[in-house]
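Side chains included, hydrogens not; waters and symmetry mates left out as well; all remaining heavy atoms used.
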Amino acid sequence: MKIGFYNSCLMDWDLDKTFGWARDHGFEGLELYGGPRYPHVSWEEIASGKTNPLLEAQERYGIPVAGLMFGALPFLSPDESERKEALQYLEVLLRAASRSNVEVVSTFTGRDPLKTLDENLDLYAEVFPQVAEMAERYEVNLAFENCPMYEYWPPVHNIAVSPVIWNEMFV
């Protein structure tokens, strides 16, 4: 078994401090916050091939990045333009992951709070084939967080919160 950690609580640490601390404390992997609030990485620059500090840090410290995580993407928003922006941002993360030898990008499914769960599942069925196609194109695995986020963004912005719903999503 390998032990790693998710750096979302260490957003003020740059890559060298994060990777160095991980190495010095015996961690064998990292999951990095993939959202725009992480000031030490430009996902767009990595995705475009301009720079790649992730490859450099992984090589320098011998610690792989196991995944990129940005959950707050409103794939099922009632606002179609927000859904489109979410897909565009996810594509940036998938491309950045692909260029960085990162095998997994994780996110939430989202939820339209004005719709029932069944209506959200119907919207999911419309939206997520595009997500799956992007992940396949960049050869990156996609993971969905199962956190309901009750305390942070009421009403809930994630439908993937139970085995019953997961079964509905993937059957």
Side-chain angles (χ1 to χ4, degrees), residues 1-23 27-77 80-111 123-147 149 157-161 166 169-170:
M1 174 182 355
K2 294 182 179 183
I3 304 291
F5 66 89
Y6 177 39
N7 80 322
S8 69
C9 293
L10 307 169
M11 300 276 267
D12 56 330
W13 287 14
D14 65 18
L15 289 177
D16 282 323
K17 186 170 183 176
T18 302
F19 276 83
W21 191 90
R23 181 200 56 209
F27 289 95
E28 298 175 89
L30 291 169
E31 181 178 39
L32 296 178
Y33 175 76
R37 291 184 302 120
Y38 189 49
H40 307 290
V41 174
S42 169
W43 303 113
E44 291 83 6
E45 286 186 13
I46 293 172
S48 71
K50 291 180 182 173
T51 67
N52 201 326
L54 291 188
L55 282 176
E56 296 165 10
Q58 289 176 89
E59 184 175 318
R60 185 168 47 253
Y61 294 98
I63 305 264
V65 175
L68 304 180
M69 169 33 158
F70 184 45
L73 290 170
F75 295 110
L76 304 181
S77 170
E80 193 170 332
S81 67
E82 284 184 0
R83 290 196 306 261
K84 183 178 179 181
E85 286 176 24
L87 289 170
Q88 290 170 339
Y89 195 87
L90 179 65
E91 185 166 19
V92 166
L93 286 181
L94 290 167
R95 195 175 329 119
S98 179
R99 291 178 187 250
S100 304
N101 299 325
V102 176
E103 296 181 4
V104 178
V105 169
S106 55
T107 189
F108 298 161
T109 56
R111 182 176 186 154
L123 184 55
Y124 166 87
E126 290 175 31
V127 171
F128 274 84
Q130 298 167 68
V131 172
E133 288 170 12
M134 279 193 290
E136 286 180 9
R137 182 176 337 124
Y138 295 107
E139 298 179 351
V140 174
N141 295 312
L142 190 64
F144 295 119
E145 173 77 48
N146 65 344
C147 182
M149 302 304 290
H157 284 273
N158 191 15
I159 61 170
V161 297
W166 282 83
M169 290 169 55
F170 294 106

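Proximity of a side-chain donor or acceptor of Glu59 to a complementary backbone N or O of Leu55 within less than 3.5 Å is not detected. Although no hydrogens or angles enter the test, the distance criterion places a donor-acceptor pair under 3.5 Å between the side chain of Trp43 and the main chain of Gly34. Panel note: side chain Asn146, backbone Val161; no donor-acceptor pair is recorded below 3.5 Å.
Take Glu85 and apply the side chain to side chain contact (heavy atoms under 4.5 Å, CB included) test, not counting sequence neighbours, and it matches Gln88. Take Val140 and apply the side chain to side chain contact (heavy atoms under 4.5 Å, CB included) test, not counting sequence neighbours, and it matches Leu94, Ala97, Ser98, Val105, Tyr138. Taking Arg137 as the reference, Glu91 meet the salt bridge (charged side-chain N to carboxylate O under 4.0 Å, His left out) condition, with sequence neighbours excluded. For Asp16, the salt bridge (charged side-chain N to carboxylate O under 4.0 Å, His left out) partners are Arg60, not counting sequence neighbours. The ring pair (Phe, Tyr, Trp, His ring centres under 6.0 Å) check on Phe70 picks up Tyr33, Tyr89, with sequence neighbours excluded. Under the side chain to side chain contact (heavy atoms under 4.5 Å, CB included) criterion, Lys17 pairs with Trp13, Asp14, sequence neighbours left out. Not counting sequence neighbours, the partners of Tyr124 by the ring pair (Phe, Tyr, Trp, His ring centres under 6.0 Å) test are Phe128. Thr18 is linked by a side chain to side chain donor-acceptor pair (under 3.5 Å) to nothing, counting only residues two or more places apart in sequence or in another chain. Glu136 meets the side chain to side chain contact (heavy atoms under 4.5 Å, CB included) test with no other residue; sequence neighbours excluded. Scored by the ring pair (Phe, Tyr, Trp, His ring centres under 6.0 Å) test, Phe5 finds Trp21, Phe27 as partners (sequence neighbours excluded).
Residues Leu15 and Val41 share a closest heavy-atom pair of CD1-CG2, 3.8 Å. Leu30 approaches Ala22 most closely through the heavy-atom pair CD2-CB, 4.0 Å. When every heavy atom of Gln130 is checked against every heavy atom of Leu87, the shortest pair comes out as OE1-CD1, 3.3 Å. Between Val104 and Ala143, the shortest heavy-atom distance links the atoms CG1-CB, 3.9 Å. Heavy atoms only, all atoms of each residue included: Met169 and Thr109 are closest at CE-CG2, 3.5 Å.
Atom NE2 of His40 sits about 11.5 Å away from atom CG of Leu32, to the nearest 0.5 Å. From Ile159, atom CD1 reaches atom CZ of Phe144 across 9.0 Å, with rounding to the nearest 0.5 Å. The structure places CD of Gln58 at 10.0 Å from CD1 of Ile63, a figure rounded to the nearest 0.5 Å.
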- What's the verdict on side-chain contact (heavy atoms from CB on, under 4.5 Å) for Leu73 and Phe108, showing C-alpha distance, side-chain angles and the deciding distance? CA-CA 7 Å; Leu73 290 170; Phe108 298 161; over 6 Å; no

- Task: Take Leu90 and Leu142 through the side-chain contact (heavy atoms from CB on, under 4.5 Å) test and state the conclusion after the steps.
- Result: CA-CA 10 Å; Leu90 179 65; Leu142 190 64; 4.2 Å; yes

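Sorted by first and then second residue, the salt bridge (Lys or Arg N to Asp or Glu O under 4.0 Å) pairs with a member in residues 34-54 form an empty list; sequence neighbours excluded. Pairs engaging residues 99-108 under the side-chain hydrogen bond (donor to acceptor under 3.5 Å, both in side chains) rule: Glu31-Ser106, Asn52-Ser100 [sequence neighbours left out].
Taking the six-membered ring where the residue is Trp, Trp166 and Phe170 present parallel rings, their angle staying beneath 30° rather than reaching 60°.
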